[in-house]
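Below is one structure; the comments refer to it alone.
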Amino acid sequence: MKILETERLALRRFTEADLDNLVELDSDPRVMRFLTGKPTPRTEIEQKVLPAVLGDYERGPAGRWAAIERASGEFLGWIALQPPDDGSTTELELGYRLRAKAWGKGYATEGARAAIHQGFAEWGTRRVWAQTMAVNTPSRRVLERAGLKHVRTFHLHFDDPLPGTEHGEVEYELTRDAWVRG
Ligand SMILES: CC(C)(COP(=O)(O)OP(=O)(O)OC[C@H]1O[C@@H](n2cnc3c(N)ncnc32)[C@H](O)[C@@H]1OP(=O)(O)O)[C@@H](O)C(=O)NCCC(=O)NCCS
C-alpha cells in the first residue's frame, strides 16, 4: 500500500508495532459511540483486527492507512478504502476513525479526499461507498465534504441496538464519473 502525503497528514501502512495505537484508539467510548458503543478488547485487536489489516496488504493495493500528523509524528487514527475479500479495487468502502483530540481540524476530510483520489486516479476504482448510523452527524459531514452523496436509508435488526439505531443506517456513494465531473 502506497504512502500518501497531504498538507498535514502522512498516510502509511500499519505494522505489528501499531498494536498499542489501535488499542488506545478503540479504548475511548467517544470514538466507539456509533460503532460498537464499547472499547474493543486488546485480544480482539491483536488476534483479529490487526491481522486482517495486514492481510489486506497481501491481496491488493487497497486497505487501511495509519494517519500520522506530519508536524508532530503522532498517530491520529486511520483512513481506509476497504476492499472486498478478494482484494479487488473496483468498489471500495471508505472508513475513518480518529482519536478525539484530532477531531474538529478537518483531518478526516483531508485524509478521505486523498484516499479517494488514490482509488479513482490510480487503482481503477469505479465506486467509493460508505455506511454509517443516520445519527452519526460528524461522519455524514465528512462523507459530504469528501463528495459522496446519500443514496439510501435502511434499517437493520440488532439484538442489542445502540442508541439512535431507530433512525436507521445511511449509505453514501461517489462514482468515478461524478468525481471526474467534480
Ligand atoms: C468521524 C470523525 C472522523 C469526524 O471527525 P471530524 O473532526 O468531525 O471531521 P474532520 O476531521 O473532517 O473535521 C471537520 C471539522 O473540523 C473543522 N475544521 C477546523 N479546521 C479545519 C480545516 N483546516 N479544514 C477543514 N475543516 C476544519 C470543520 O469546520 C469541521 O467541523 P464541523 O463539522 O463542526 O463544521 C470523528 O468524529 C471520529 O473519528 N468518530 C469516531 C469514529 C466514527 O464514528 N467513524 C465513522 C464510522 S462510519
Side-chain angles (χ1 to χ4, degrees), residues 4-12 14 18 20-41 44-45 48-50 52-53 56 62-72 74-84 91-119 127-156 158 160-174 179 182:
L4 302 182
E5 285 208 345
T6 67
E7 190 188 337
R8 296 176 295 169
L9 301 177
L11 301 179
R12 62 147 173 86
F14 275 93
D18 287 305
D20 288 344
N21 285 333
L22 284 172
V23 171
E24 198 246 285
L25 178 67
D26 277 24
S27 71
D28 185 342
R30 291 170 294 176
V31 170
M32 302 309 287
R33 177 172 168 202
F34 299 114
L35 301 165
T36 59
K38 52 182 191 292
T40 312
E44 188 177 328
I45 294 181
K48 291 189 188 155
V49 176
L50 191 49
V53 170
D56 283 334
R64 193 185 290 189
W65 287 274
I68 310 299
E69 187 176 43
R70 289 175 59 186
S72 65
E74 247 183 84
F75 174 85
L76 301 181
W78 52 262
I79 306 284
L81 280 182
Q82 185 61 41
E91 299 219 357
L92 297 172
E93 180 183 5
L94 175 64
Y96 31 74
R97 190 176 303 180
L98 298 182
R99 296 162 75 178
K101 65 182 276 195
W103 297 356
K105 297 178 178 172
Y107 283 148
T109 301
E110 190 171 313
R113 285 180 177 150
I116 289 167
H117 184 278
Q118 177 67 23
R127 176 177 181 259
V128 171
W129 62 278
Q131 289 181 357
T132 188
M133 288 180 73
V135 292
N136 191 349
T137 307
S139 180
R140 296 182 70 165
R141 285 213 199 100
V142 174
L143 296 175
E144 285 159 15
R145 282 189 293 259
L148 283 80
K149 299 275 184 269
H150 176 252
V151 285
R152 66 181 179 123
T153 299
F154 58 102
H155 289 79
L156 297 174
F158 296 97
D160 188 12
L162 293 172
T165 297
E166 65 277 15
H167 297 286
E169 318 294 315
V170 286
E171 180 167 326
Y172 282 70
E173 72 170 21
L174 178 60
W179 177 77

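Fair warning: this is a prediction, and the values are worked out from it, not measured in the lab. Throughout, residue positions are numbered sequentially from 1 according to the sequence presented. Atoms within a ligand are numbered from 1 in the order they appear, just like the ligands themselves.
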4.5 Å side-chain heavy-atom contact, Arg145 and Val142: yes
Salt bridge present between Asp28 and Arg97 (N-O < 4.0 angstrom): no
State whether any protein heavy atom lies less than 4.0 Å from atom 31 (O) of ligand 1. no
Arg99 touching ligand 1 at heavy-atom level, < 4.0 angstrom: no
Per atom 43 (C) of ligand 1, closest listed option by heavy atom (Tyr96, Trp103, Tyr172): Tyr96
Yes or no: does Met32 have any heavy atom under 4.0 Å from an atom of ligand 1? no
Pick whichever of Gly106, Gly104, Ala100, Ala112 has a heavy atom sitting closest to atom 19 (C) of ligand 1. Gly104
State whether Glu171 and Arg127 are salt-bridged, where the test is any N-O pair (Lys NZ or Arg NE/NH1/NH2 against Asp/Glu carboxylate O) under 4.0 Å. yes
Is there a heavy atom of Arg33 sitting under 4.0 angstrom from any atom of ligand 1? no
Check whether the side chains of Thr6 and Tyr107 place a donor and an acceptor atom closer than 3.5 Å, and report yes or no. no
Answer yes when Lys105 and Glu110 have at least one side-chain N-carboxylate O distance shorter than 4.0 Å, and no when they do not. no
Going by side chain to side chain donor-acceptor pair (under 3.5 Å), Tyr172 matches just one of Gln131, Arg152, Glu144. Which one? Glu144
Pick one of side chain, backbone, both or neither for how Arg8 approaches ligand 1, counting any non-hydrogen atom pair under 4.0 Å. side chain
